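In this text the structure is predicted, and so the values were computed from the model without any measurement. Counting starts at 1 for both ligands and their atoms, in listed order. This chain uses plain numbering: 1 for the first residue, then up along the sequence.
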Amino acid sequence: MEGLAINGGKPIRDDFLVFSAPKIYDAEINELIQTLKSGWIGTGPKVKRFEEEFASYKGVNHALALNSCTAGLSLGLSILNIGPGDEVITTPMTFAATANVIVHQGAKPVFVDIEEDTHNIDPEKIKAAITEKTKAIMPVHIAGHSCQMDHIMEIANNHNLFVIEDCAHAVETEFKGKKAGVIGDLGVFSFYPNKNMTTGEGGMLITNNEDLIDKARIQSLHGMDKDAWKRFSASGFKPYDIVYPGYKYNMTDIQASLGLHQLKRVENNLLIRDKIYKQFNQAFSNIEEIEIPQEKGEIRHARHLYRILIKPEKLNCNRNEFIQILQKENIGSGIHYPALHTSIYYKKQFNYQEGMFPITEKVGENTISLPLSPYMNEKDVNDTIIAVEKVIRNLRK
Ligand SMILES: *Cc1c(COP(=O)(O)O)cnc(C)c1O
């Protein structure tokens, strides 16, 4: 048996496979150069075009480009008037930003456990957590697998709750033919470097509700009642007024220059992501020491992350050691996510404890995200498979 690289053996590959590296093509670079030379590098015509093209892609009436998904989630809560005394139900199996923004608004994040199969928020547990203070539900379509949105919308409608979809993993996601982000009141997307499309940093808020988008547009830029780029356009100078103590969440034309071309590539990239995802599923389906991701319901999966769960009782290592051993084989990987309710702040501030959400905790301790990107070649995919098999062969009990 070939020895592990961590014990002095030969690594599976010579160069390190980065977990998820973005790719910027000439189209983006040329657009960017043109923007830089145009004299308009702030929020301007390219942001407007990017919003229109993203709205058209999602089949939604309104889109507002922002400087991050975190900004969009925060803005979403603000335009829905969610604040002190209110509760927002969300999942502890997410990136910290999802819950942090609830705290920023002065509201309380109420976590409920996830489904064992999809790792998405469990609708039945949402129902049980509703109080007279509950104002909204923030589901996260984890890894690109849609939440059970029919259940969630039914609960929201019965209890008069808003739904803000965290679509950071879900640009291409659908549930029963409906596009993620258009099912709830608001959908918010991330264009962070490792997401399915990137603008360096960036986000997008979408909705069919005209009142909400008007509020969002105003609050996202200082609370000014007119867009800055319109004020200085050829149509002449218009004075502005401040109607709200707004935020500074706008996207720039520099970012939109990337987004316009990244969006054009997202559907074709999904075909490649899908192919790699299925290769992984096939290669790992018979390995007893790990669980592969499961799918449920009539969904379209965005294939954002490929997450395996190791079964520590069948291996002579824990998850963190597994990641370190893989790294020595020159395969990068990630953790999505440690259980958020067991982090120092949420335990201290809201009295969350270990043991409260056992499915989230099991996933949080055992999940590993393998490299998954449309820019991986066949060798990258094979090396990843061979490396996982090698680690398991060496460490199975
Ligand atoms: C990446 C991510 C965010 C934050 O996105 P930013 O654009 O970096 O602010 C929020 N929620 C989830 C689930 C994410 O993965």
Inset, instruction - Return yes if a side-chain donor-acceptor contact under 3.5 Å exists between Y244 and S78, otherwise no. - result: yes
Inset, instruction - Please list, chain by chain and in numerical order, all residues satisfying salt bridge (Lys or Arg N to Asp or Glu O under 4.0 Å) with K135, sequence neighbours excluded. - result: D86
Legend entry - L271, CG atom: more than 12 neighbouring heavy atoms under 6.0 Å: yes
Inset, instruction - Would you please name every residue forming a salt bridge (Lys or Arg N to Asp or Glu O under 4.0 Å) with E389, sequence neighbours left out? - result: none
Ligand 1: which protein N/O atoms lie under 3.5 Å from its N/O atoms?
unit_1	atom_1	unit_2	atom_2	d
ligand 1	5 (O)	S190	OG	3.2
ligand 1	7 (O)	C69	N	3.0
ligand 1	7 (O)	S190	OG	2.7
ligand 1	9 (O)	C69	N	3.3
ligand 1	9 (O)	T70	N	2.8
ligand 1	9 (O)	T70	OG1	2.5
ligand 1	11 (N)	D166	OD1	3.4
ligand 1	11 (N)	D166	OD2	2.8
ligand 1	15 (O)	H169	NE2	2.8
ligand 1	15 (O)	K195	NZ	3.1
ligand 1	15 (O)	Y337	OH	2.9

Legend entry - Non-neighbouring partners of Y25 that pass side chain to side chain contact (heavy atoms under 4.5 Å, CB included), sequence neighbours left out: K23, E28, R265, Y375
Inset, instruction - Flag yes if more than 12 heavy atoms outside K133 fall under 6.0 Å of its NZ atom; otherwise flag no. - result: no
